[in-house]
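Notes to accompany the following structure.
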Amino acid sequence: MQTTIINIKGMTCMGCVRSIKNVLEKIPGVSSAEVSLEDAQVTIQFDATIVSNDQFKQAIEEAGFEAII
């Protein structure tokens with residue numbers, strides 16, 4: 001397992017946090033996604049042989065937020 005931290009712009013409430021957590025945890029290879037509204041970032045644990053940071057960025061941006069890797 002690997003861990004990555006991605007900064008996120010555009011989160012304003014716990015609904016945003018849940019949206020991001022839900023889209024990331026649906027991606028195959030992701031074991032957990034812990035989103036912090038206060039820190040404006042997500043910490044993702046994942047299997048790097050299955051999924052990549054580019055896929056995380058795409059999922060976050062499709063959910064309506066800006067991902068800064």
- Message: Hydrophobic clustering (ILVMFWY, side-chain heavy atoms < 4.5 Å, transitive) - are Met14 and Ile8 grouped together?
- Response: yes
- Message: Are Ile5 and Phe46 connected into the same hydrophobic cluster when the rule is that any two of I, L, V, M, F, W, Y join if their side-chain heavy atoms are below 4.5 Å apart?
- Response: no
- Query: Can you find a heavy atom in the side chain of Ile44 that is under 4.5 Å from one in the side chain of Thr3?
  - Reply: no
- Message: I need the Thr43 OG1 to Ile6 CD1 distance, nearest 0.5 Å.
- Response: 9.5 Å
- Looking only at heavy atoms, which two atoms of Ile50 and Pro28 are closest? And how far apart? CG2-O, 3.4 Å
- Ser52 side chain to Asp54 side chain, donor-acceptor N/O pair below 3.5 angstrom: no
- Where Gly10 and Cys16 come nearest, the two heavy atoms and their spacing: O-SG, 4.3 Å
- Message: Looking at every non-hydrogen atom in both residues, tell me the closest pair between Leu24 and Ile60 and how far apart they are.
- Response: CD2-CG1, 4.1 Å
- Check whether any side-chain N or O of Ser31 sits under 3.5 Å from a backbone N or O of Gln45 as a donor-acceptor pair, and report yes or no. yes
- Message: Side chains of Lys9 and Ile68, heavy atoms from C-beta outward: is any pair under 4.5 Å?
- Response: yes
- Do Phe56 and Val42 pass the side-chain contact (heavy atoms from CB on, under 4.5 Å) test, and can you show the C-alpha distance, the side-chain angles, and the key distance before you say yes or no? CA-CA 10 Å; Phe56 302 145; Val42 60; over 6 Å; no
- Message: Within the structure provided, determine whether Met11 and Phe65 are in side-chain contact (heavy-atom separation under 4.5 Å).
- Response: yes
- Query: At their closest point, which heavy atom of Ala59 faces which heavy atom of Val23, and how far apart are they?
  - Reply: O-CG2, 4.1 Å
- Item | Pairs touching residues 57-69 that satisfy side chain to side chain donor-acceptor pair (under 3.5 Å), sequence neighbours left out | Gln58-Glu62
- Residues at least two apart in sequence or cross-chain that pass salt bridge (charged side-chain N to carboxylate O under 4.0 Å, His left out) with Lys21, listed by chain then number, are Glu25, Glu34
- Query: Okay, side chain of Asp47, backbone of Thr49: is any donor-acceptor separation there less than 3.5 Å?
  - Reply: yes
